[in-house]
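First listed ligand is number 1; within each ligand, the first listed atom is number 1.
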Amino acid sequence: MSTEIKRLLTGLQPSGNLHIGNYFGALKPFLDIYENYESYLMVADYHALTSLRDPESLRRNTLNIVRDYLAVGLDPDKVVIFRQSDNQDHMELAWILNCMVTVPFLQQAHSYKDKLAKELEPNVGLFTYPMLQASDIVLYNTDLVPVGEDQRQHIEYTREAVGKFNRTFGETLKAPQEMILKSVGIIPGTDGEKMSKSYKNTIPLFGTTSEIEKAVMSIVTDSQGERPENVYAIHKLFRQEKELESIYDENRGRYGDSKKLLIADIEKFISPLREKRSLITDEDVKEVLKSGAEKAKSVSSKTLATVRKAIGID
Ligand code: ADP
Ligand code: TRP
């Protein structure tokens, strides 16, 4: 039996402040297992450019997201934390993988179709986004990618691109597996749609008490008398379902009380992490990113060299 340590990688876009969907969908599953793997955690800043056009926000969000990674307990000595744009290998492999897939194939991507349906600008970056993500993953010979349910298709797309490449040029790239927690699913935002930085419907992970209050109080609820499913779906991330069911039964018809309890539960969870986060400086973050960039490059450059050789650009 092989005793080779497997590789784990995930990425989050610094397109806004992290929300509880990001935490429970991607960060927490990563946090729970990363010490058993050779782990990589990326700040997907080139991906964020598909929706964010404000340099100051991009800079600030990038520092903030790394601060969030550290505050939730990730140890930078045990995981390579790096910024996508610090390693141009991602750009080069993305181009190569773009040449492996067709336009109709990318047109079928849910994330692309969802953004079109919401009348967000369909820029070409958004269109080829899955191949940049595929390159993020395969450059590190990743075995497992912890992500939220909405990202399942992107990992399938990665496997497609890998398959096409390997069939064309010989076995070169490793096909990854997604790791998606069924118990988490897609966490709804305050409007009942998928919680997302791009949809302005989030409960911020490290929001102030009043931001959290405002977000929770604005969660849309169904007609009176029923269980407020949108509130419940978020609440069950913070409390045992058994206990919650009876609380929600008692609170039937009084949505405000359930929302207030949810606010208190979020506060209880986040306040120690918030305190830890306040002690992390920009300098600490820059140090982590600098060392992460070097480690990331030393791995990706080897993969890229084999790819270049396989395609005849060496
Ligand atoms: P956003 O949609 O807010 O921009 P990202 O696309 O940066 O978030 O997602 C980062 C990670 O968080 C991904 O693994 C994604 O699947 C997960 N994630 C984002 N939103 C949710 C959600 N509402 N429920 C579960 N997981 C989510
Ligand atoms: N597309 C992912 C998202 O929106 C972010 C991402 C970029 C990613 N590169 C990645 C996730 C590589 C996992 C692996 O959530």
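- The aromatic ring centroids of F24 and F238 lie less than 6.0 Å from each other.
- Checked against side chain to side chain donor-acceptor pair (under 3.5 Å), Q84 has the following partners two or more places apart in sequence or in another chain: H47, D136.
- Shown in contact with G25 at under 4.0 Å from a heavy atom are these atoms of ligand 1, numbered in order with element: 25 (C), 26 (N).
- Between E245 and K236 there is no salt bridge, since none of the side-chain N atoms of the basic residue sits less than 4.0 Å from a carboxylate O of the acidic one.
- Here the protein heavy atom with the shortest distance to atom 21 (C) of ligand 1 is K194 NZ, 3.6 Å.
- T190 and N201 are not linked by any side-chain donor-acceptor pair at a separation below 3.5 angstrom, with hydrogens and angles left out of the test.
- Using modelled atom types, one finds a donor on one side chain and an acceptor on the other under 3.5 Å when comparing T281 with D284.
- In the hydrophobic clustering (ILVMFWY side chains linked at under 4.5 Å, chained through shared members), V220 stands by itself.
- Looking at Q88 and Y46, their side chains do bring a donor and an acceptor atom within 3.5 Å of each other.
- At the top of the distance list for atom 23 (N) of ligand 1, counting protein heavy atoms only, stands I187 O, 2.8 Å.
- Counting only heavy atoms of the protein, atom 25 (C) of ligand 1 lies nearest to G185 O, 3.5 Å.
- Atom 5 (P) of ligand 1 has its closest protein heavy atom at K197 NZ, 3.6 Å.
- There is a side-chain donor-acceptor pair under 3.5 Å between N87 and S300.
- Counting heavy atoms of neighbouring residues, nucleotides and ligands inside a 6.0 Å radius, atom NZ of K214 does not exceed 12 of them.
- Annotation for L58: hydrophobic cluster partners, listed by chain and number, are L52 (ILVMFWY side-chain heavy atoms under 4.5 Å, direct or chained).
- For atom 2 (O) of ligand 1, the closest heavy atom belonging to the protein is S196 OG, 2.8 Å.
- The shortest N or O to N or O distance between A26 and ligand 1 is not under 3.5 Å.
- Closest heavy-atom approach to atom 13 (C) of ligand 1 within the set M195, Q151, K28, Q133: this belongs to Q151.
- The protein heavy-atom contact nearest to atom 14 (O) of ligand 1 is G148 N, 3.2 Å.
- Between G21 and ligand 1, an N or O atom pair is found at a separation short of 3.5 Å.
- Contact atoms of ligand 1 toward L12: 10 (C), 11 (C) (distance under 4.0 Å to a heavy atom of the residue).
- If you check each of T10, N22, T202 against atom 9 (O) of ligand 1, the one with the closest non-hydrogen atom is N22.
- Here H19 and Y199 keep their ring centres 6.0 angstrom or further from each other.
- For H19, the heavy-atom gap to ligand 1 drops under 4.0 angstrom.
- Sorted by chain and number, the residues within 4.0 Å of ligand 2 by heavy atom are L9, T10, G11, Q13, M42, A44, H47, Y129, Q133, D136, I137, V145, V147, Q151.
- For ligand 1, the atoms lying closer than 4.0 Å to a non-hydrogen atom of V147 are 14 (O).
- Nearest to atom 6 (O) of ligand 1 among the protein's heavy atoms is Q13 NE2, 3.4 Å.
- Taking 4.0 Å as the cut-off between side-chain N and carboxylate O, E56 and R59 count as a salt-bridged pair.
- Residue-environment remark: CG (L279) exceeds the threshold of 12 foreign heavy atoms within 6.0 Å.
- Using a 4.0 Å cut-off between charged side-chain N and carboxylate O, R252 and D249 make a salt bridge.
- Every atom of ligand 1 with a heavy atom of I186 under 4.0 Å away is listed here by number and element: 24 (N).
- In this structure, atom 15 (C) of ligand 1 lies nearest to the protein heavy atom D150 OD1, 3.4 Å.
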